[in-house]
Amino acid sequence: MKGERKTPPAIKGTQDILPPYVKKWQKAETEAKGLFELYGYKEIRTPVFEPTELFQKGTGPTSDIVTKEMYTFVDKGGRSLTLRPEYTPSVVRAIIEHRLYLQPEPLRFYFIGPMFRYDKPQKGRYRQFHQVNIEVFNEKDSAIDAEIVEMADILLHKLGVSDIEVLVNSVGCKKCRPSYHQELKSKAQAQKELLCEDCQRKIETNPLRIFDCKKETCREVSQEFPKIIDFLCSECKEHFEKFCSYLDSYQIPFRVEPRLVRGLDYYTKTTFEIVSSRLGSQDAVLGGGRYDDMMTEFGGPDICGIGFAMGMERLLSVMPYRAEKDQFLYIVYLGEEAKKEGMELVRELRREGVPCLIEYKDKSLKNQMSRANKLEATWTLIIGEEEVKSGEYSLKNMESGVQEKVGREGIREAVKGR
RNA sequence: GUGAGCGUAGCUCAACUGGCUAGAGCACCGGACUGUGGAUCCGGAGGUUGGGGGUUCAAAACCCCUCGCUCACCCCA
């Protein structure tokens, strides 16, 4: 690799998205945007970097993201800034900053953009990755929880993603979680010897995460542990039951997964994931939940929130896609006079919205035709001396090989008739 | 951050147990064919074998270091 010595390569965990593949991104983005707009969501765009403090507070000072995965740097003014590792705190900040909560509720936003986490890359996990996010603020009713899951489900089906499963859970709230934690801790403590080293540590730091362990023995032991579902306060319990019943009425298959403990500490009540068996170890295409307390923790009004994030790279890796060929006209010519006529014509056609290209190398006609073929032109328009004189061009359909003489009007008809 | 596997031409891969000038297919460029693409034939270009060091008469191969990729752990989209 001669170039690699001179040119610094793309940095670890980032990637170039090259032209043929960009089409697939565009398809997914367009479908997502279209669907979100249909559900009343408005696009919002926030800066890629924010004060470090925003994520420390919003994402949680003890979370892995904040403690070891942030791209944090000091700018020339001495401020500590961080490339956003997730997007929810930014929206919450924007809502408070612009008093968006004074607008008619509920507020629905969507957003598409890059996120940054200093993680070790592997399948479905990159240092710069892209998320499609949606958030709804100021809607307590669990019907919105169901609507969001339904929208996500529809989106994935529209994009042809199969082999997916909807997982849901409730992680309770400030009122009911502490007592559950207590109970879980003491039960785990009692069986401590049976758990792996990691899980023994988790008993103190974050007992919920024991459910996540992939070791067979830990899974067996944790089966017997109390489930948060059984400890929900009446409000959370009702919320969750209604949520499930709404999903039923939407006829969306789902599985209650008590082990579903999302890694971000701010979640309350509903959490959910949509996983695909066709992904690797990182199998969540999309994940989210409710965060009823974040706004007040930022000093804003008491407004609840709920949303999900979908990983674009993960989505695209399980999304089927067949690129369609671009249709365009390729103009070839013989001689300077014909070239000028071609240049004029190509300009005219482009102004009318006809995609076309003109060859600039004055080589043999054969050579130019060969180029048109390699570029996969739909039609080739030949301008030679004869054509200049008569004003009738030779239009060749490159697939069928059929060639006909056409005037300027004839070009438009042929090209638009497709 | 921890662990494992892998780095040979743009791509897919060869090169025995350490032994000739590191090869082939596809792709690319040109010619056969200067007013007609795709097929065929002929030719050309393209490599410090990821990088550095070591062992050896001799290294793509063996050893050490390093970088990168891949997968898994942790965690997450």
Side-chain angles (χ1 to χ4, degrees), chain A residues 1-5 8-15 18 59 62-69 84-88 112-133 152 196-199 201-202 205-206 209 212-215 260-265 273-276 279-288 307-318 330 332-335 338 359 361-387 394-403:
Chain A
M1 309 290 152
K2 205 186 289 174
E4 274 182 12
R5 254 190 327 178
I11 62 177
K12 188 200 280 257
T14 70
Q15 50 207 156
L18 303 178
T59 308
T62 58
S63 66
D64 274 23
I65 290 179
V66 170
T67 55
K68 50 187 199 196
E69 294 172 8
R84 60 179 177 218
E86 62 149 345
Y87 148 88
T88 308
I112 299 180
M115 305 290 159
F116 307 85
R117 289 183 202 170
Y118 192 88
D119 236 340
K120 188 150 178 176
Q122 68 185 70
K123 188 179 178 70
R125 196 168 68 193
Y126 307 97
R127 289 185 173 180
Q128 175 175 333
F129 61 102
H130 298 77
Q131 284 187 340
V132 171
N133 290 251
C196 73
E197 211 175 297
D198 273 348
C199 287
R201 198 165 353 99
K202 289 179 193 166
T205 56
N206 195 345
R209 294 235 76 92
D212 260 0
C213 189
K214 283 168 186 164
K215 293 192 180 71
L260 177 60
V261 180
R262 311 225 66 251
L264 297 163
D265 299 333
E273 272 184 9
I274 298 185
V275 297
S276 165
L279 284 165
S281 176
Q282 267 65 47
D283 64 352
V285 182
L286 163 170
F308 68 71
M310 178 169 73
M312 282 296 285
E313 286 82 357
R314 291 183 190 177
L315 169 72
L316 296 177
S317 76
V318 296
Y330 198 79
V332 303
Y333 55 85
L334 287 165
E359 173 69 54
K361 287 191 192 69
D362 196 359
K363 293 194 170 181
S364 69
L365 188 63
K366 186 175 194 64
N367 195 296
Q368 296 185 49
M369 289 299 288
S370 171
R371 189 175 205 75
N373 184 55
K374 275 171 192 155
L375 293 172
E376 299 186 308
T378 321
W379 308 272
T380 304
L381 190 76
I382 302 162
I383 310 177
E385 277 177 41
E386 287 172 29
E387 285 83 353
S394 301
L395 180 70
K396 183 166 188 172
N397 181 316
M398 294 299 278
E399 200 189 328
S400 65
V402 175
Q403 187 168 318

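Just so it is clear: chains get the letters A, B, ... in the order the sequence lines come, proteins before strands, and each one is counted from 1.
- Between the CZ atom of A:Arg84 and the P atom of B:A77 there is a distance of 15 Å, rounded to whole Å.
- Look at CD on A:Gln128: it is 17 Å from P on B:A77, rounded to the nearest Å.
- Just one of A:Val132, A:Val285, A:Leu279 meets the side chain to side chain contact (heavy atoms under 4.5 Å, CB included) condition when paired with A:Leu315; it is A:Val285.
- Note: CG (A:Leu315) to C1' (B:C76) measures 16 Å, nearest angstrom.
- Annotation: side-chain hydrogen bond (donor to acceptor under 3.5 Å, both in side chains) contacts of A:Ser394 (sequence neighbours excluded): A:Glu387.
- Taking atom C1' on both B:U48 and B:C33, the two are 40 Å apart, rounded to the nearest angstrom.
- With P as the reference atom, B:A27 and B:G38 are 12 Å apart, rounded to whole Å.
- A distance-only check finds a donor-acceptor pair linking the side chain of A:Arg125 to the backbone of A:Lys120 [under 3.5 Å].
- Remark: the separation of the C1' atoms in B:G47 and B:A22 is 8 Å, to the nearest Å.
- Across B:C41 and B:G51, the matching P atoms stand 35 Å from one another, rounded to whole Å.
- Between B:C20 and B:C63, the two C1' atoms lie 26 Å apart (nearest whole Å).
- Rounded to a whole angstrom, the distance from the P atom of B:A4 to that of B:C64 is 12 Å.
- Panel note: side chain A:Arg314, backbone A:Ala284; a donor-acceptor pair is recorded below 3.5 Å.
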Give the dot-bracket line for RNA chain B from 5' end to 3' end: parentheses for intra-strand Watson-Crick or G-U pairs under 3.5 Å, square brackets for crossings, | for inter-strand pairing, dots for unpaired. (((((((..((((.....[...)))).(((((.......))))).....(((((..]....))))))))))))....

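- Between the CZ atom of A:Phe116 and the P atom of B:C75 there is a distance of 24 Å, rounded to whole Å.
- A gap of 13 Å separates the P atoms of B:G7 and B:U12, to the nearest Å.
- Within the nucleic acid shown, A:Ala309 comes within 4.0 Å of sugar-phosphate atoms alone, with no base atom in reach, counting heavy atoms only.
- With sequence neighbours left out, the side chain to side chain contact (heavy atoms under 4.5 Å, CB included) criterion links A:Ser370 to A:Lys374.
- Between the P atoms of B:G18 and B:A60, the separation comes to 13 Å (whole Å).
- From A:Tyr118, atom OH reaches atom CZ of A:Arg127 across 4.0 Å, with rounding to the nearest 0.5 Å.
- Expressed to the nearest 0.5 Å, how far CZ of A:Arg84 lies from CD of A:Gln131 amounts to 9.0 Å.
- Listed here is the closest heavy atom pair of A:Lys363 and A:Gln368: O-NE2, 3.0 Å.
- The distance between atom CZ of A:Phe129 and atom C1' of B:C76, rounded to the nearest whole Å, is 8 Å.
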Below 3.5 Å between N/O atoms, which protein atoms pair up with nucleotides 68-72 of chain B? Just atom names and distances, please.
{"unit_1": "B:C71", "atom_1": "OP2", "unit_2": "A:Lys123", "atom_2": "N", "d": "2.8"}
{"unit_1": "B:A72", "atom_1": "OP1", "unit_2": "A:Ser281", "atom_2": "N", "d": "2.9"}
{"unit_1": "B:A72", "atom_1": "OP2", "unit_2": "A:Gln122", "atom_2": "NE2", "d": "3.2"}
{"unit_1": "B:A72", "atom_1": "N7", "unit_2": "A:Gln122", "atom_2": "OE1", "d": "3.3"}

Where protein sits on nucleotides 31-42 of chain B, one letter per nucleotide: B base, S sugar-phosphate only, - none, heavy atoms under 4.0 Å: --B-BBBB----

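- Protein atom CD of A:Glu86 is 17 Å distant from nucleotide atom P of B:C75, rounded to whole Å.
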When you look at A:Glu86 and A:Thr59, which way does the side chain to side chain donor-acceptor pair (under 3.5 Å) test go after all the steps? CA-CA 8 Å; A:Glu86 62 149 345; A:Thr59 308; 2.8 Å; yes

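- Counting any heavy atom pair closer than 4.0 Å across all strands shown, A:Val132 reaches no nucleic acid atom.
- Side-chain contact of A:Tyr330 with A:Glu359: a donor-acceptor pair under 3.5 Å is present, judged by distance alone.
- More than 12 non-hydrogen atoms from other residues, nucleotides or ligands lie less than 6.0 angstrom from CD of A:Gln15.
- For A:Tyr87, the ring pair (Phe, Tyr, Trp, His ring centres under 6.0 Å) test picks out A:Phe111, with sequence neighbours left out.
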